[in-house]
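Everything on this sheet refers to the single structure shown next.
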Protein chains: 2
Amino acid sequence: MRVVNTKGKKFRVPDATILRLPLYLDKLILLQQAGVKEVSSRQLATSLDIKASQLRHDFHYFGGFSKPGRPYQVDKLVPALEEIIGVDVPVPMIIVGAGHLGQGLANYRNFERLGFPLRGIFDVDPKLVGLEIRGVPIRPLSEMTAFVKEHGIKVGVLTVPVNVAQDVANQMVAAGVVGVWNFTPTDIRTPPQVIVRNERLAVGLMCLSFKTKRIGQTEELKGD
Amino acid sequence: MRVVNTKGKKFRVPDATILRLPLYLDKLILLQQAGVKEVSSRQLATSLDIKASQLRHDFHYFGGFSKPGRPYQVDKLVPALEEIIGVDVPVPMIIVGAGHLGQGLANYRNFERLGFPLRGIFDVDPKLVGLEIRGVPIRPLSEMTAFVKEHGIKVGVLTVPVNVAQDVANQMVAAGVVGVWNFTPTDIRTPPQVIVRNERLAVGLMCLSFKTKRIGQTEELKGD
DNA sequence: TTAGTCCTGTCAAAGACCTAACATGATCGG
DNA sequence: CCGATCATGTTAGGTCTTTGACAGGACTAA
């Protein structure tokens, strides 16, 4: 991933940095809501459990957001990061699969705040079709393709059963979606220009498992 | 993180490897269910979009799971990884916060399969208390501490509102929980021996945002 | 038996990433 | 005005991670 920073220089931004930008923004929004005006790299880094030099290094790829001697101003940093991450331009989104997880996500209020207004929910189950979640009606899956085209939907959230995941994803892509947020426990194949983000709940659980099971062994295995 | 491999040697296992183990297991279980008996490092790696040498290198930390010339046997590899990850020993779990996300997670059937049987659900809302999800009743939050102690609960899933997250986490830890699966959009502080896994949905969304917004710019910024 | 093919375990080199250190600039109090 | 303090931007060096290459075992077919 490459960007041109504020000083006209081209940088290759490491993936690791990109993955941290949302963490910075997340924390900064909390600070902003708490009325904090200024924050130093040390304060911000400490609260995220990383090194201050790493944070400054990350910001450096974008030309820096302050000048030597002055801490970062929260009210300037937030919109700057929002623009870099792309949160400032709305990306209309749909949820496909109105099961428990799909409905839970549909109730998540932060989507709008993060630039992803929810425009539609789709499911095959006739018992679900017609219900409304936060004002958004559940529509039959058969209408999805036309809806995506008509409303210029860019991102689809995939919360369908595993066995139809690839099929539904294919329909989304054919209809014009450029990003898929995949909550199903399987890999889906897409053309290279379509971005897939896998949200593998099982993986999170297993990581937790690996670590908790090793509590109590740590005395004999120093230095993890 | 350190382990002793099958040849008695001590290795420090990199974090990057640990994060991949669940992906391997996840895929292998799918293969096993499909009746596949043997799989080579190339096949497995290709399906996960990584290099075969990396997969073999990862397995090498644990002494390897086959011998030169023979592909991996799915039925041997699955239990071996399950043991390493810790999925083979059940870890009783509770969900605290029976809102939409909490209920969605409570309906997730894979928890048992992954070694995390759901033993209880807790909430402060009297309208929710008494409801059952997949046979597990929702109990008042005030009973949580006693329940954790009595049933030897090891892991708590945190799906409460942000403003009470730290407070509820403190109660969990005081009651004896050793792992917290945090779905709230905030950091929580715990003693060092308690493992916290943050499942930050907003971060996943923002990563997707960063990438999808840059589609169309890729022609002028070659080589991402 | 033997050549050919497929495969893993192993290691060293290359690459990506993180961190400490420092030059420099801003601010404050006296 | 000046020193002390705090802060960022920047870079070089160290550390962690990935990759390619290869030795050697196992199987197959002729």
Handout entry: Rounded distance in Å - CZ (Arg12(A)) to P (dA16(C))
Key = 6 Å

Problem - Leu30(B) backbone acceptor or donor facing Gln33(B) side chain under 3.5 Å - result: no

Handout entry: Below 4.0 Å: OP1/OP2 of dG20(D) and any side-chain N or O of Ser53(B)
Key = no

Problem - Heavy-atom side-chain proximity of Arg134(B) to Glu112(B) below 4.5 angstrom - result: yes

Practice task
Would you mind reading off the distance between Leu48(A) atom CG and dC18(C) atom P, rounded to a whole angstrom?
Solution key: 14 Å

Handout entry: Arg42(A), CZ: over 12 other non-hydrogen atoms inside 6.0 angstrom
Key = no

Handout entry: Between dA21(D) (P) and Lys51(B) (NZ): distance, integer Å
Key = 12 Å

Problem - Length of the CD-C1' vector between Gln43(B) and dC6(C), whole Å - result: 11 Å

Handout entry: Rounded interatomic separation in angstrom, taking NE2 from His60(A) and P from dC22(C)
Key = 18 Å

Completion exercise
Out of dT17(D), dT8(D), dC7(C), minimum distance to the side chain of Pro71(B) belongs to dC7(C)

Problem - Atom pair distance, as rounded to whole Å: CZ in Arg56(B) and P in dG20(D) - result: 11 Å

Practice task
Kindly say if Tyr61(A) contacts the phosphate of dT10(D), meaning a side-chain N or O under 4.0 Å from OP1 or OP2.
Solution key: no

Fill in the blank from the handout: note: His57(A), atom NE2; dC18(C), atom P; distance rounded to Å ~ 9 Å

Exercise for the section: Return yes if a side-chain donor-acceptor contact under 3.5 Å exists between Asn170(B) and Gln166(B), otherwise no. Expected result: yes

Problem - Residue-phosphate contact under 4.0 Å: Arg70(A) side-chain N/O, dT27(C) OP1/OP2 - result: yes

Practice task
Taking Thr17(B) for its side chain and Tyr61(B) for its backbone only, find out whether a donor-acceptor pair lies under 3.5 Å.
Solution key: no

Completion exercise
On DNA chain C, more 5' by nearest nucleotide between Gln54(A) and Gly69(A) is Gln54(A)

Handout entry: OP1 or OP2 of dT8(C) under 4.0 Å from side-chain N/O of Ser66(B)
Key = no

Problem - Rounded distance (Å) that lies between atom C1' of dC28(C) and atom CD of Glu38(A) - result: 14 Å

Practice task
For Phe65(A), answer base if it contacts any base atom (sugar-phosphate contacts may also be present), sugar-phosphate if it contacts only those atoms, and nothing otherwise; contact means non-hydrogen atoms under 4.0 Å.
Solution key: sugar-phosphate

Problem - Short side-chain N/O contact to dC7(C) OP1/OP2 from Arg42(B), under 4.0 Å - result: yes

Fill in the blank from the handout: Out of dT8(D), dT8(C), dT17(D), minimum distance to the side chain of Tyr72(A) belongs to dT8(D)

